[in-house]
Amino acid sequence: MDTAQSTPATRGVDAATRETLEDYTLRFAPRGYRRWSPAVVGASALGGIAYMADFSIGAGIGLTHGTSNALLAILVAAAVIFVTGFPLAYYGARYNIDLDLITRGSGFGYYGSVLTSVIFASFTFIFFATEGSIMAQGLRFGLGIPLWLGYLLSTLVIIPLVVYGMKALAKVQTWTNPLWLVLIVAPLVYLVIADPGSVTRFLNHQGTSGVSGVDTASVMLGAGVCLSLMAQIGEQIDYLRFMPPKTAANRRSWWTAVVLAGPGWVVFGALKQAIGVFMAVYILDAVGSAAAVEPIEQFTAVFTKMMPPWLVVPLALVLVVLSQVKINVTNAYSGSLAWTNSFTRVTKRYPGRLVFVVVNLTISLILMEANMFSFLNSLLSFYSNCAIAWVVTVATDIMVNKYLLKLSPKIPEFRRGMLYAVNPVGVVAFLASSGISIAMYFGAFGGGVQPYSPVAAVVIALVLTPVLAIVTRGRYYLRRTDDGIEEPLLDADGNPSGTRYLCTVTGEHFERPDMVASAQGGYISSLSLSTDRTGTHVLPPQ
């Protein structure tokens, strides 16, 4: 025991106990920390979807494939995202764990989910760079700041906001939500009332692809771009894991917050994409197709119609900067969690979440300086196959393998020693789904099926996940069913127990779901176990 306490790995754990800075990275979010109401958590999570990229994504799809195909593509993607996001949001809120911890026990294993952590981290820096680019465009438009400097400013402004985790994020999102909603909704309402003909032009727009009317291939190509946002549910869960325990008294508000801020984010996202198509068509003749996809151009054009000229640019700039800050504090926060998860499990070292805030922002800045915004839709179309494969695999494991086949443990497990290193169910399904769909996207199976790569990603993951669970008879989910602690993991209401136990490595107290018996005697927290490089604390297979 004393030897374990003196190792470099366990000495690093002390930094992880600074709760306000580390925000329970790699860990269950304890009941004692979760003091927010369901409404506050839900509003904070919805504040994280204030990004402007939806307007640009919708505009790009609409200008290329026409309004009818764009709207159908948005609806198809939204339906898939909502259905797959629901079980993930429920598990995150009910058991107070993030999507990586859910993934570990839902078919991937302790080390297998490192794959998906990297996928999610990639999502956060891609979208950070997207939003940072939009902010830089706004700063150039409104203040004449060159793009390279705008990229740098949009990155640096996020760092002080994201340092203190959920406590700071909840305040930022709650205070800014009302102003953001007014700035988004008012221009649209004004435009529809003042220029009814804009609605007709919007509905009749045919796009530049040369396809007339509804075309299945065009719908699937557009849906593929929209489905790249599927990994957004991971960022929503980074907020939802701080939901209070579900009780009879708060049942209605608890479910409302989980549904609206969980899978419900895509309803708001789909509306923004449709608005992006509408506004791009409205300004197309005035600014051209290249500028019509830029949100700053879209909103400036409408603001010009509804207010004095001197107010147009400042207000458009406020909207863009506000939106970028609201989403990029979430991107930076979630990205730091994902990178830390991966690094700590692979190296058994815990450098602290703040190190990876800087790493994620550095990667994002490089992408911005490389003008990533100019090839955004192509990048998202490729990335969407990986995001779809991951989310659909985990959602299928929960819905089918846990609840229907009962081959996967219903209560999520994430602790080292309790899980196998790799579970072939999720890992193979994910690799097959993403690999085949990416090959389809690049034309390996011919141009006729190329637009359907997102559909292939969904179907392969949906079918292969339960098939593999049946073939393996679910034997690779749990290495142990007994964690060595007599008290049940859940209380009488089905919520994670709030009983605190002493970690013999750090001398800190942690709540029951975060603890497991040590092979050396006593109890050890999941975080200390993650950094145990000797493996002496890991319980043997049962």
Side-chain angles (χ1 to χ4, degrees), residues 1 4-5 10 13-14 16-19 22-36 38 41 90-106 110 166 237-238 240-250 254 337 341 344-345 350 398 402 408-419 477-532 537-540 542:
M1 188 69 61
Q5 289 177 329
T10 53
V13 172
D14 291 338
T17 62
R18 292 178 298 180
E19 298 171 356
E22 299 306 323
D23 227 35
Y24 299 97
T25 313
L26 295 170
R27 296 167 52 195
F28 157 81
R31 183 179 299 199
Y33 183 76
R34 294 181 276 116
R35 300 188 180 96
W36 297 277
V41 176
Y90 170 73
Y91 261 59
R94 182 63 162 156
Y95 298 107
N96 310 112
I97 53 179
D98 65 19
L99 188 49
D100 176 73
L101 270 60
I102 295 171
T103 300
R104 294 183 196 180
S106 297
Y110 185 76
M166 179 63 181
I237 292 172
D238 281 338
L240 289 178
R241 68 193 178 112
F242 294 110
M243 285 286 285
K246 177 175 169 286
T247 64
N250 72 0
W254 192 93
L337 295 176
N341 270 315
T344 302
R345 270 177 292 160
Y350 186 88
I398 293 173
K402 291 185 187 299
S408 177
K410 190 173 290 187
I411 299 175
E413 181 57 76
F414 61 89
R415 296 164 295 178
R416 182 184 177 190
M418 300 299 294
L419 294 166
Y477 282 96
L478 292 180
R479 182 173 173 267
R480 293 182 59 89
T481 57
D482 177 17
D483 62 7
I485 303 177
E486 291 185 7
E487 181 191 359
L489 198 66
L490 307 180
D491 64 18
D493 292 323
N495 295 302
S497 170
T499 305
R500 294 166 65 85
Y501 289 79
L502 177 69
C503 174
T504 55
V505 173
T506 63
E508 301 283 339
H509 285 84
F510 298 87
E511 291 184 10
R512 168 70 178 90
D514 215 32
M515 300 296 291
V516 65
S518 168
Q520 299 296 307
Y523 305 115
I524 183 171
S525 71
S526 62
L527 184 55
S528 297
L529 204 55
S530 297
T531 55
D532 175 21
H537 291 282
V538 179
L539 293 171
Q542 188 170 332

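In this chain, numbering begins with 1 at the start of the sequence shown.
- With no hydrogens or angles considered, no side-chain donor-acceptor pair links Glu508 and Ser525 at under 3.5 Å.
- Taken to the nearest 0.5 Å, the CZ atom of Arg512 stands 8.5 Å off from the OG1 atom of Thr499.
- The nearest pair of heavy atoms linking Phe28 to Asp514 is N-OD1, 3.5 Å.
- You'll find the side chain of Met243 reaches within 4.5 Å of the side chain of Pro38, heavy atoms only.
- Interatomic distance, Asp532 CG to Leu529 CG, rounded to the nearest 0.5 Å: 6.0 Å.
- Distance alone, capped at 3.5 Å, is enough to place a donor-acceptor pair between the Trp254 side chain and the Pro244 backbone.
- Listed by chain and residue number, nothing satisfies the side chain to side chain donor-acceptor pair (under 3.5 Å) test with Tyr523 (two or more places apart in sequence, or in another chain).
- By the ring pair (Phe, Tyr, Trp, His ring centres under 6.0 Å) test, Tyr110 pairs with no residue at all, sequence neighbours left out.
- Proximity of a side-chain donor or acceptor of Arg241 to a complementary backbone N or O of Asp238 within less than 3.5 Å is detected.
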### Query
What's the verdict on side-chain contact (heavy atoms from CB on, under 4.5 Å) for Asp100 and Arg345, showing C-alpha distance, side-chain angles and the deciding distance?
CA-CA 12 Å; Asp100 176 73; Arg345 270 177 292 160; 2.9 Å; yes
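- Contact annotation: the side chain of His509 approaches that of Leu502 to within less than 4.5 Å [non-hydrogen atoms, C-beta and beyond].
- Heavy-atom minimum distance, Arg479 versus Gly417: NH1-O, 2.9 Å.
- Residue pairs meeting the salt bridge (charged side-chain N to carboxylate O under 4.0 Å, His left out) criterion with at least one member in residues 490-499, sequence neighbours excluded, are Arg31-Asp491.
- Remark: Arg415 engages Glu413, Asp483 in a salt bridge (Lys or Arg N to Asp or Glu O under 4.0 Å) (not counting sequence neighbours).
- Every residue was checked against the ring pair (Phe, Tyr, Trp, His ring centres under 6.0 Å) condition with Tyr477, not counting sequence neighbours, and none meets it.
- Residues meeting the side chain to side chain donor-acceptor pair (under 3.5 Å) test with Ser106, sequence neighbours left out: none.
- Test Ile97, Leu489, Asn495, Leu490 against Pro513 for side-chain contact (heavy atoms from CB on, under 4.5 Å) and you get one pass: Leu489.
- Not counting sequence neighbours, the partners of Thr247 by the side chain to side chain donor-acceptor pair (under 3.5 Å) test are Asn250.
- Of all heavy-atom pairs between Thr504 and Gly522, the closest is CG2-CA, 3.9 Å.
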### Verdict with reasoning, Ile102 to Ile398, per side-chain contact (heavy atoms from CB on, under 4.5 Å)
CA-CA 9 Å; Ile102 295 171; Ile398 293 173; 4.1 Å; yes
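- Shortest non-hydrogen contact noted between Ile485 and Tyr501 is CG2-OH, 3.7 Å.
- Contact detail for Leu99 and Ile237: the closest heavy-atom pair is N-CG2, 3.9 Å.
- Expressed to the nearest 0.5 Å, how far OH of Tyr91 lies from CG of Asn96 amounts to 13.5 Å.
- Across Gly105 and Leu419, no two heavy atoms sit closer than the pair CA-CD2, 4.1 Å.
- Using a 4.5 Å heavy-atom threshold, the side chains of Met515 and Cys503 count as touching.
- Between Glu487 and Ser497 there is a side-chain heavy-atom pair separated by less than 4.5 Å.
- Checked against side-chain contact (heavy atoms from CB on, under 4.5 Å), Arg480 has the following partners two or more places apart in sequence or in another chain: Met418, Asp482, Leu539, Pro540, Gln542.
- To the nearest 0.5 Å, atoms NE2 (His537) and OG1 (Thr531) are separated by 9.0 Å.
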